[in-house]
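Keep in mind it's a predicted model, so treat the numbers as computed, not measured. Order of the sequence lines sets the chain letters (A, B, ...), proteins ahead of strands, with each chain counted from 1.
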2 protein chains.
Amino acid sequence: MNLKQLSEILGLSQTTVSRALNGYPEVSEDTRVRVQAAAQKHGYRPNSRAKGLATGRSMVIGHVIPSSSRHEMVNPIFGDFVAGAVKKYSEHGYDMMFTNADDTSIEEAYRSLFQRGAVDGVVLQGPKVDEPRIEVLTRMAVPFIVHGRSTGVVGQYDWIDVNNKSSFLRATRFLIDLGHRRIALINGLEDMDFAQRRRDGFLEALRQAGLSPNPELMRSAEMTEVYGHHETRDMLGLDNPPTAILCSSMISAIGVRRALDESGLELGKDVSVIAHDDDLSYLKNGQDVPIFTATRSSVRNAGEMAAEMLIERIQSPDDPTKTRLLEAELVVGRSTGPAPNRI
Amino acid sequence: MNLKQLSEILGLSQTTVSRALNGYPEVSEDTRVRVQAAAQKHGYRPNSRAKGLATGRSMVIGHVIPSSSRHEMVNPIFGDFVAGAVKKYSEHGYDMMFTNADDTSIEEAYRSLFQRGAVDGVVLQGPKVDEPRIEVLTRMAVPFIVHGRSTGVVGQYDWIDVNNKSSFLRATRFLIDLGHRRIALINGLEDMDFAQRRRDGFLEALRQAGLSPNPELMRSAEMTEVYGHHETRDMLGLDNPPTAILCSSMISAIGVRRALDESGLELGKDVSVIAHDDDLSYLKNGQDVPIFTATRSSVRNAGEMAAEMLIERIQSPDDPTKTRLLEAELVVGRSTGPAPNRI
DNA sequence: CTCAATATTCAAAGCGCTTTGGATTGGCGA
DNA sequence: TCGCCAATCCAAAGCGCTTTGAATATTGAG
């Protein structure tokens, strides 16, 4: 069933039917009702490609997934961010499109997605330091929003980010206040912007307390469970192991916990752990009492906000750039306690 | 830059340029090279909406996400399945589209997605028992594939599924062979088809061993970490607690482990645990030695296969239906051991 | 050198929608 | 009764591409 057929059934022109359906005023209320009833009855749905061709807008927002099997984006966080975003998209009549790109040509993927008219805007996830895609997107004049920021990129762009530095500063200070001196950082991949900011916060807190950082206690890699486990085991084997661990992800923190268990160490007593908690729906940080003391910020929520900001940008391309910095909440659970009195 | 402009630059007709770019034979090799060079140089990309309108195909495959915040689909598994699928899609020139739907109208969402021409086919994820969407999609004659199956649905359709029954039967038998008699099942939501099949396998193994199932030891809900923890705590408090637990997800199994730790019970000694492991990239079941004894089947792999099967279906709508049953592998880790000798 | 056969190229129609510019109708005051 | 303004409705153009049917250029056999 297409417009033409529907209009023939109704004995009206395509113009009138189209207008009736799209809420234009130059059509009588009677006909509008009649048209809507008929459309309903025959299950008419305007062809979105034709509509897009005619209007010049696709009502689709694009995301790019790097194809390498292990990468920051196809992770548990991804699902929650997307769930938040897609909800807002649909509230505004947008769909969501994913394209795959091998790591070498992510820029190319964005460019293609937009220039061939497949999407009205894009979301840039997982920005690295000096992220080149930002400049590319700016130059292309495609509406976009960055989930995160990118140190080293000059120029304005819309972004939404957690205040990674302040939250890790706060978490580190919390550990220091508990008497910990040998504090480890199990961080995400170093070239990711968020990881860098977290490290900055961590180092800043040490500096403020007059402590000097120990490179042996600073690890970084893809934030898997196995990684958290592996690094923890490794550090526990040091001559002078850490009494506290700051961990960039709940997933890795689970690995940390496993390593502690294996070593017969008690979480929150022998070793304190603070994790960053993205508040994933499938991996809640406990019910009433948090499992881990954590810096918490809902990534699903961030997805919703990102979606709304992007849609605003699409609708008003000339507005000044908007940015949003979310403060993570420090929730205190049972994974932290006073530093043990070792000799 | 559109076709018209490009053809004017080249002094050729749109027809010829289009054919040169799409590899049709009725264009000389010289012009083809010239056209391709020019297209490259000017960054020409055919408008996908226009192309879709003209060809009647959108080169997009649709997925529907239920909007309710907690649901089977927006979970860690989702990310890996999608990553697998999108990789294959892009190899075949397809993009992936997500639409959101509130739980009441998932059918409606599929219908709309296809009938308005937005997608060439759809993937149906998380089928329930007697899944109504299957019949809807069949009637609409939209190419689709089900990830999973649906007990109670008559008629043929393409699907790819893990042999949930046999893997849980095998896992249960393995526990029985170790001497366990009080075996608990922490399953997914009961109305999900996979959960039902797993329960069937579990019950079948008990039956074969002459054991009678204990309703108190059979739990089902959304497979979160907190859920695994909660049910385990609860069951450990029973007069006669289980000596082994079969768990439908790694995530929940982590919660199980936490509950055991809290109770001072040793995993694999006091209580044995077998989990179903979807082989998620961020939640590998250990490195060399598996953390949990598990029934393992890569969901990412399933995503890839599903994508390929769907694309075949789109290309040959009249082929007989294809189905694929994957056998999970039983990997033995350190979470299982002989049943303890309680009085 | 001709002419049919083949190799290239092109003009125009069509995909299903929106939207511009115009036509038609009815109502109402003069 | 006439004229004018709203209120409705419509025909046709256009979005950017593919594809049909036809035209033109080239080739090779006779």
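Between A/Arg133 and A/Glu107, none of the side-chain N atoms (NZ, or NE/NH1/NH2) sits under 4.0 Å from a carboxylate O, so this pair counts as no salt bridge. A salt bridge is absent between A/Arg149 and A/Asp193: the closest approach of a Lys/Arg side-chain nitrogen to an acidic carboxylate oxygen does not fall below 4.0 angstrom. Ionic pairing of B/Lys88 and B/Glu91 is present here: one or more N-O contacts between side-chain nitrogen and carboxylate oxygen are shorter than 4.0 angstrom.
Taking atom CE of B/Met1 as the reference point, atom P of D/dC17 lies 10 Å away to the nearest angstrom. As a whole-Å value, the separation of B/Tyr24 OH from D/dT20 C1' is 12 Å. Nucleotide D/dT19 holds its C1' atom 15 Å from the CG atom of B/Leu21, rounded to whole Å. For B/Tyr44 and D/dG16, the OH to C1' distance is 7 Å, given to the nearest whole Å. Atom CG of A/Leu6 and atom C1' of C/dT18 are 15 Å apart (whole Å).
Take B/Phe98 and apply the ring pair (Phe, Tyr, Trp, His ring centres under 6.0 Å) test, not counting sequence neighbours, and it matches A/Phe98, B/His63, B/Phe78. With sequence neighbours excluded, no residue forms a ring pair (Phe, Tyr, Trp, His ring centres under 6.0 Å) with A/Tyr94. When the side chain to side chain contact (heavy atoms under 4.5 Å, CB included) test is applied to A/Glu312, the partners found at least two apart in sequence or on another chain are A/Lys322.
Within the structure, ring-ring contact (aromatic ring centres under 6.0 Å, His included) pairs that include any residue of residues 125-147 of chain B comprise B/Phe81-B/His147 (at least two apart or interchain).
An OP1 or OP2 oxygen of D/dT18 is reached within less than 4.0 angstrom by a side-chain nitrogen or oxygen of B/Lys51.
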- Query: If the sugar-phosphate is the primed atoms plus P, OP1 and OP2 and the base is the rest, what is the B/S/- string for nucleotides 5-15 of chain D, using protein heavy atoms under 4.0 Å?
  - Reply: ---BBBBB-BB
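No side-chain N or O of B/Asp158 forms a donor-acceptor pair with one of B/Thr321 less than 3.5 Å apart.
The strand DNA chain C forms stems, runs of 3 or more Watson-Crick or G-U wobble pairs with distances below 3.5 Å, at C:1-30 with D:1-30.
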